[in-house]
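Counting convention: from 1, in listed order, for ligands and their atoms alike. These numbers come from a predicted model, not from an experiment.
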Amino acid sequence: EGRWSLAGSTALVTGGSKGIGHAIVEELAMLGARVHTCSRNAAELEECRRRWEDKNLRVTVSVCDVSVRAEREKLMDTLRQTLGGKLDILVNNAGQSMVKAATECTGEDYALVMATNIESCFHLAQLAHPLLLRSAGGGASSVVHISSIAGFVGFPGLAVYSMTKGAMNQLTRSLAAEWAGDGIRVNCVAPGGINTDIAKDMTRDPEIVKSQATQLPMQRLGETEEVASVVAFLCMPAASYITGQVICVDGGRTIA
Ligand code: NDP
């Protein structure tokens, strides 16, 4: 139970079948946590579960579309069984991008991105609170949101997506203030361009690529592990005095 370990902890990471979520699941599990993750694709999840089992990582999986309220409730019921009702770490990672001119976003587009990216985080945090409370103490209990640098700077074609990410940054501060007395820390990691499917989606837009290339001090996309390590640190007892913070992992993009 060292300050730089997650041994004995349990964690829920949403959207762990691919990309950043996948790297977070592995990082937390390698540091000793028991992890549960979800996504919408049962076959992909099972494939991941098998690979994790081969690596001796303790990870369970279940299907959940985080944009649907009833599915979020079902996920928490599953969690009470698989993790024995003990939850130390919630990582709200699942999210979806939508590259579209603001004038072209339909009501359905808006509702889907809001439900997937922000309503899900708020509701999962609400549902997890009683479980986090049970394991609170010694800075052991924490929530980490994965927002984006799009929550700080403006990108053309990303208005609704960016609104959800700005809201996650604020949700982090609000919950941190409200739950500090409960012994629950709430922090946020805001990645810049990371080498995943979402980034491929965005790099189809030449405007976004141009603004990235000229303003990115480190001149490269980040890797998923480079985000996962910061998430893991925030969950550790070593980070026990950090709460309400939004940390950019962006190769310097927001300071240039
Ligand atoms: P990926 O598309 O690579 O992976 C997304 C993961 O979330 C998949 O496992 C996907 O599985 C799952 N997921 C998506 N929608 C849902 C849903 N409705 N319910 C449950 N699971 C879902 O994305 P990234 O890893 O790139 O992104 C992860 C997070 O990081 C997102 O919140 C994103 O906004 C954020 N981010 C990413 C950046 C980047 O450059 N990559 C930059 C800044 C932030 P499935 O589709 O099968 O459900």
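- Under 4.0 Å from ligand 1, the heavy atoms of Lys165 that appear belong solely to its side chain.
- Between Thr116 and ligand 1 there is a heavy-atom distance shorter than 4.0 Å.
- We find that Arg80 and Asp77 are joined by a salt bridge, their nearest charged nitrogen and carboxylate oxygen being less than 4.0 Å apart.
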Exercise for review: Let me see the working for Cys248 and Thr254 under side-chain contact (heavy atoms from CB on, under 4.5 Å), right down to the final yes or no.
Suggested key: CA-CA 8 Å; Cys248 291; Thr254 48; 3.9 Å; yes

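- Of all atoms in ligand 1, numbered sequentially from 1 with element shown, those under 4.0 Å from a heavy atom of Asn41 are 47 (O).
- Annotation: Gly15 places an N or O atom under 3.5 Å from an N or O atom of ligand 1; distance criterion only.
- Arg50 has no carboxylate O lying under 4.0 Å from a charged side-chain N of Glu53, or vice versa, which leaves the two without a salt bridge.
- Ligand-side atoms of ligand 1 in range of Gly19: 3 (O), 25 (O), range being under 4.0 angstrom from any heavy atom.
- Here the shortest heavy-atom distance to atom 41 (N) of ligand 1, taken over Asp250, Asn117, Thr37, Thr196, belongs to Thr196.
- Between Ile20 and ligand 1, at least one pair of N/O atoms sits closer than 3.5 Å.
- Inspection of the Thr172 and Asn169 side chains reveals no N or O donor paired with an N or O acceptor under 3.5 Å.
- Between the CD1 atom of Ile20 and the CG atom of Asp197 there is a distance of 11.0 Å, given to the nearest 0.5 Å.
- Shown in contact with Ser17 at under 4.0 Å from a heavy atom are these atoms of ligand 1, numbered in order with element: 8 (C), 9 (O), 11 (O).
- Annotation: atom 27 (O) of ligand 1 to nearest protein heavy atom, Ile198 CD1, 3.5 Å.
- Side-chain contact check for His129 and Asp182: at least one donor-acceptor pair (N or O, by modelled atom type) lies under 3.5 Å.
- In summary, the side chains of Glu225 and Ser229 do not present any donor paired with an acceptor at a separation below 3.5 Å, with no hydrogens or angles considered.
- Among all non-hydrogen protein atoms, the one lying nearest atom 22 (C) of ligand 1 is Ala94 CB, 3.8 Å.
- Atom CD of Glu71 is separated from atom CZ of Arg69 by 13.5 Å, given to the nearest 0.5 angstrom.
- An N or O contact shorter than 3.5 Å links Arg40 to ligand 1 by distance.
- Of the inter-residue distances, the one linking Arg185 atom CZ with Ile89 atom CD1 reads 9.0 Å to the nearest 0.5 angstrom.
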Margin query: Please evaluate residues Arg72 and Glu119 with respect to the criterion salt bridge (charged side-chain N to carboxylate O under 4.0 Å, His left out), reporting the C-alpha separation (whole Å), side-chain torsions for both, the decisive distance (0.1 Å), and the verdict.
Written below: CA-CA 11 Å; Arg72 296 190 293 258; Glu119 190 186 317; 3.2 Å; yes

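- Between Gly192 and ligand 1 there is a heavy-atom distance shorter than 4.0 Å.
- Each of the atoms 40 (O) of ligand 1 lies under 4.0 Å from some heavy atom of Gly193.
- If you number the atoms of ligand 1 from 1 as listed, the ones under 4.0 Å from a heavy atom of Asp65 come out as 17 (C), 18 (N), 19 (N).
- Of all protein heavy atoms, the one closest to atom 34 (O) of ligand 1 is Tyr161 OH, 2.5 Å.
- Considering backbone and side-chain atoms alike, Val66 places an N or O below 3.5 Å from some N or O of ligand 1.
- For CZ of Phe122, the number of neighbouring non-hydrogen atoms (other residues, nucleotides, ligands) closer than 6.0 Å is 12 at most.
- Of the heavy atoms in Asn93, both backbone and side-chain atoms come closer than 4.0 Å to ligand 1.
- Of all protein heavy atoms, the one lying nearest to atom 40 (O) of ligand 1 is Ile194 N, 2.8 Å.
- If you check the side chains of Ser39 and Asn41, you find no donor sitting under 3.5 Å from an acceptor.
- Side chains of Ser62 and His36: a donor-acceptor N/O pair is present below 3.5 angstrom, by distance only.
- Using a non-hydrogen distance threshold of 4.0 Å, Glu71 does not register as a contact of ligand 1.
- Within a 4.0 Å radius of atom 5 (C) of ligand 1, the protein has no heavy atom.
- Near Gly95, meaning under 4.0 Å from any of its heavy atoms, are these atoms of ligand 1: 14 (C), 31 (C), 32 (O).
- Regarding atom 21 (N) of ligand 1, its nearest protein heavy-atom neighbour is Ser39 CA, 3.6 Å.
- Remark: Lys100 NZ is packed, more than 12 non-hydrogen atoms of other residues, nucleotides or ligands lying under 6.0 Å away.
- For a threshold of 3.5 Å applied to N or O pairs, the pair formed by Pro191 and ligand 1 contains no separation below that value.
- Taking CG of Asn195 as the start and CD of Glu223 as the end, the distance is 4.5 Å to the nearest 0.5 Å.
- Against a heavy-atom cut-off of under 4.0 Å, Ser147 is close to the following atoms of ligand 1: 35 (C), 36 (N), 43 (C), 44 (C).
- Near Cys64, meaning under 4.0 Å from one of its heavy atoms, ligand 1 places the atoms 19 (N), 20 (C).
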